[in-house]
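The chain is numbered in sequence order, starting from 1. Values below: every heavy atom of this structure, side chains too, minus hydrogens, waters and symmetry copies.
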Amino acid sequence: MRTEPTTNSGVRATLTRIPSGRRAKWLVILVWVVVLTVASPLAGKLTSIEDNDAESFLPKSAESLAVAQAEERISAGDTMPAVIVYHRDGGLTAADQQRIETDRGALANRFPATPPGPATFSDDGQAAIYAVPLDVTDEDNLPDGVNAIRDQIAGAPDGLQVKVTGPAGFTMDMVNVFSGIDSTLLLATAGVVAALLLLTYRSPFLWLIPLVAVAFAHQLAGASVYGLAKSVGLTVNGQSGGILPVLVFGAGTDYALLLIARYREELRRHEDKHEAMAFALRQAGPAILASGATVVIGLLCLLAADLNPTRSLGPVGAVGIVAALLAMLTLLPALLVVLGRRV
């Protein structure tokens, strides 16, 4: 059995004893359970603060952003037009024109405060458009209004194409594209990671431990990003919110593989699992910290970008890497020691 090198004494030796200690390991797990209890509700609110409007993707110096802000000031931001487009190859028929007037009348009854304007027909007679100003003073008015319009124009006869576009239609399409993307990416990432861990360890149980630790880290990262967005105005959109779980699961799994491989080696040299984990942390910890610090510094370089989504991705990703580091260097060792050698 190897003896403890004197050069490894001090702060690093003390820190490695915390997650691998006989009593301290239980304290580490308890702390993470408390963190999960507090973080989970906040992490669940992350999608509610995502800003996927077109303006949020533009740099502050963009002329188009200045135009959009000027339009909002002029219109006071109370309405957003939904443009309904009708089209038939070869020209709109009399029945199509009757359908347009029927839809306009029904929408005028549905939105009496902001009725649709008159229909405008193209020179070749193949298309017609009109706009419905939707009240957006309440955040629920826009989806309710666009859905009501789409319900009204549904069931068009064969050959007649009817679509909702304009600012209202485009905004709702953006919302629908990003809705559910976080859960889809999370499940896909977790599935890929689980499959890789199964192939790596060929064990029915060992693959679950790093996956549990990464899941804790993901909740901590989501809650931290939510806190930054609410406190310092960090911009979060569907892009950065979707990349966050991929970063946490990917980096966390890498760090777990390194630590577990080292722990396995130390178990062959030490009868005491606590001593084996302390040595494993002392040997693998600096490499894991160096790797994580490199990624964090690289991500923070994105703060120099002009585009808002790219700039915000830097701190969002950095928070995810830090959360993965914390979980892999504290929670994972404690879980491995608690579960013993046989796992």
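A heavy-atom distance below 4.5 Å is not found between the side chains of Met172 and Pro167. Counting heavy atoms from C-beta outward, Thr120 and Tyr130 have side chains that stay 4.5 Å or more apart. Counting heavy atoms from C-beta outward, Leu107 and Gln152 have side chains that approach closer than 4.5 Å. A 4.5 Å side-chain heavy-atom check between Val164 and Ile153 finds at least one atom pair inside the cut-off. In this structure, the side chains of Leu160 and Leu92 come closer than 4.5 Å at one or more pairs of heavy atoms.
A donor-acceptor pair shorter than 3.5 Å can be found between the side chains of Lys25 and His274.
Linking ILVMFWY side-chain heavy atoms closer than 4.5 Å, directly or via other members, places Leu27 and Val34 in two distinct hydrophobic clusters.
Contact detail for Thr235 and Ser312: the closest heavy-atom pair is O-CB, 2.8 Å. For Arg104 against Gly117, the heavy-atom pair with the smallest separation is NE-O, 3.0 Å. In plain terms, the two heavy atoms of Pro286 and Leu281 that are nearest each other are CD-O, 3.9 Å. Nearest approach of Pro115 to Pro133, heavy atoms of both residues: O-CD, 3.6 Å.
Of the inter-residue distances, the one linking Leu247 atom CG with Ile321 atom CD1 reads 5.0 Å to the nearest 0.5 angstrom. Annotation: the span from Trp32 atom CH2 to Leu36 atom CG amounts to 9.5 Å, rounded to 0.5 Å.
Using a cutoff of 4.0 Å between basic side-chain nitrogens and carboxylate oxygens, Arg110 and Asp135 are not scored as salt-bridged.
With Thr102 contributing its side chain and Gln98 its backbone, the two residues share a donor-acceptor pair below 3.5 Å.
For Arg22, the salt bridge (charged side-chain N to carboxylate O under 4.0 Å, His left out) test picks out Asp272, with sequence neighbours left out.
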